[in-house]
S.K.: 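My questions all concern the structure below.
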Amino acid sequence: MRSFKKMRGIKLTYDEQGLIYFICRNIRKQPQAVQDKILSLCVDVAGAEYYQALYAVLTTEDSIRSIAISFCVSESQLYRLRKMFYEKWA
């Protein structure tokens, strides 16, 4: 089980990052509008090619390495996409 740590390079406070992190990790308990926002933002940030990988990074406990292997995308790309997702959340 992973715990939340502030991500360097993302221009949001610890609390703001934590809010996004826990909303995404508990996606099934979120209202449909929030679930739709997460999916829509993943598509917007990552495009049709990588949105499923980004969605997995945000909503599962799987490591970025295992997700990168499963979706044939580099780990660095997933880190960049996650950063963009967090910064576009507002």
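Since we're looking at a predicted model, the values are computed, not measured.
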S.K.: Tell me the closest heavy-atom pair linking K5 and Q17, and the distance in Å.
M.R.: O-OE1, 4.4 Å
S.K.: Determine all donor-acceptor pairs shorter than 3.5 Å in which one atom belongs to a side chain in residues 36-56; sequence neighbours excluded.
M.R.:
{"residue": "D36", "atom": "OD1", "partner": "Q32", "partner atom": "NE2", "Å": "2.8"}
{"residue": "K37", "atom": "NZ", "partner": "W89", "partner atom": "O", "Å": "3.1"}
{"residue": "D44", "atom": "OD2", "partner": "K88", "partner atom": "NZ", "Å": "3.3"}

S.K.: Can you give me the closest heavy-atom contact between I27 and Q35, atom names plus distance?
M.R.: O-NE2, 3.2 Å
S.K.: Which residue pairs pass the salt bridge (charged side-chain N to carboxylate O under 4.0 Å, His left out) test when at least one of the two sits in residues 9-18, sequence neighbours left out?
M.R.: none
S.K.: Given T60 and I67, is the side chain to side chain contact (heavy atoms under 4.5 Å, CB included) satisfied, shown in steps?
M.R.: CA-CA 10 Å; T60 70; I67 293 168; 4.0 Å; yes
S.K.: Below 4.5 Å, heavy atoms only, C-beta onward: do Y79 and S74 meet side chain to side chain?
M.R.: no
S.K.: Holding to side-chain contact (heavy atoms from CB on, under 4.5 Å), I want the full list of residues that pass it with R65, two or more places apart in sequence or in another chain.
M.R.: S63, I69, E75
S.K.: Could you grab the distance from atom CG of L12 to atom CE of M7, nearest 0.5 Å is fine?
M.R.: 8.5 Å
S.K.: Just by distance, do the side chain of E87 and the backbone of I10 share a donor-acceptor pair under 3.5 Å?
M.R.: no
S.K.: Find out whether L81 and Q77 are in side-chain contact, i.e. whether some heavy atom of one side chain is under 4.5 Å from a heavy atom of the other.
M.R.: yes
S.K.: Is the gap between the ring centers of F4 and Y14 under 6.0 Å?
M.R.: yes
S.K.: What pair of heavy atoms forms the shortest contact from R82 to I64, and how long is it?
M.R.: NH1-CD1, 3.9 Å
